[in-house]
Amino acid sequence: ILTDPIFMCGPTLAKYLSLPFVFFMRGFPCNLHYEAPQCPSPLSYIPRLFTFNSDHMTFFQRVENALVSLLELVYCNGFYEEAITFSSKVLQRDVSLIDLMNSASIWLLRFDFVFEYVRPVMPNMVFIGGINCAQKK
């Protein structure tokens, strides 16, 4: 199943039918596209979204980065609370957001690797940048 993880209907249906699924997405604001496939993302080096830090951070910027990363999971769980409840009812077991996302077969990420901070990615993550580019007028 080719799906976008924003609504979580695709992963729930794929798990219910025991089918493999592929995510086609730009990314999550709460860094789940790296956390779910278990990519290393060291807090001391990789700045979180909306912190406007670079990869060369001071001590206080690193503390801020750590605090933002703690809040990200709470934010995403709150955002997806209804989807998690629905998925738990459909699958007839307790599931978490990470449980739904980490079994994706392939992650098609719609951004360029060269514009991101250098980090290791899992073999099932494929960068397909340039897909959203519009023609110049």
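From a predicted model like this one, the values you see are computed outputs, not experimental measurements.
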By side-chain contact (heavy atoms from CB on, under 4.5 Å), Ser18 pairs with (sequence neighbours left out) none

What residues form a ring-ring contact (aromatic ring centres under 6.0 Å, His included) with Phe127, not counting sequence neighbours?
Phe111, Phe113

Going by heavy atoms in the side chains, are Leu100 and Leu91 under 4.5 Å from each other?
yes

Would you list the pairs meeting side-chain hydrogen bond (donor to acceptor under 3.5 Å, both in side chains) in which at least one residue belongs to residues 87-100, sequence neighbours left out?
Thr12-Ser87, Ser96-Asp99

Shortest non-hydrogen contact between Met25 and His33, atoms and distance:
CE-CB, 3.7 Å

Side chain to side chain donor-acceptor pair (under 3.5 Å) filter on Glu64, not counting sequence neighbours, yields Asn53

Indicate, with yes or no, if Tyr16 and Phe7 share a hydrophobic cluster defined by side-chain heavy-atom contacts under 4.5 Å among Ile, Leu, Val, Met, Phe, Trp and Tyr.
yes

So do the side chains of Met101 and Met8 get within less than 4.5 Å of each other, counting heavy atoms only?
yes

Please tell me if the side chains of Gln61 and Thr51 come closer than 4.5 Å, counting only heavy atoms from C-beta onward.
no

Check the hydrophobic clustering (I, L, V, M, F, W, Y; side-chain heavy atoms under 4.5 Å; chains of links allowed) and say if Ile98 and Leu71 are grouped together.
no

Determine whether Leu70 and Leu32 fall in the same hydrophobic cluster, where Ile, Leu, Val, Met, Phe, Trp and Tyr are linked whenever their side-chain heavy atoms lie under 4.5 Å apart.
no

Mind checking what makes side-chain contact (heavy atoms from CB on, under 4.5 Å) contact with Thr3, not counting sequence neighbours?
Ile1, Pro11, Phe21, Phe23

Quick one: disulfide bond (SG atoms under 2.5 Å apart) pairs with a partner in residues 42-112, sequence neighbours left out?
Cys30-Cys76

Can you run down the disulfide bond (SG atoms under 2.5 Å apart) pairs that involve residues 34-74, sequence neighbours left out, and say none if there aren't any?
none

Sorted by chain and residue number, the salt bridge (Lys or Arg N to Asp or Glu O under 4.0 Å) partners of Glu72 (sequence neighbours excluded) come out as Arg48

In the structure I gave you, are the side-chain heavy atoms of Ile106 and Phe24 within less than 4.5 Å of one another anywhere?
no

Is it possible for you to say whether Phe52 and Tyr75 belong to one hydrophobic cluster, with membership spreading through side-chain heavy-atom contacts below 4.5 Å?
no

Hey, any chance Tyr34 and Tyr80 share a hydrophobic cluster, counting ILVMFWY side chains that come within less than 4.5 Å of each other, even indirectly?
yes

Who are the side chain to side chain donor-acceptor pair (under 3.5 Å) partners of Ser103, not counting sequence neighbours?
Lys15

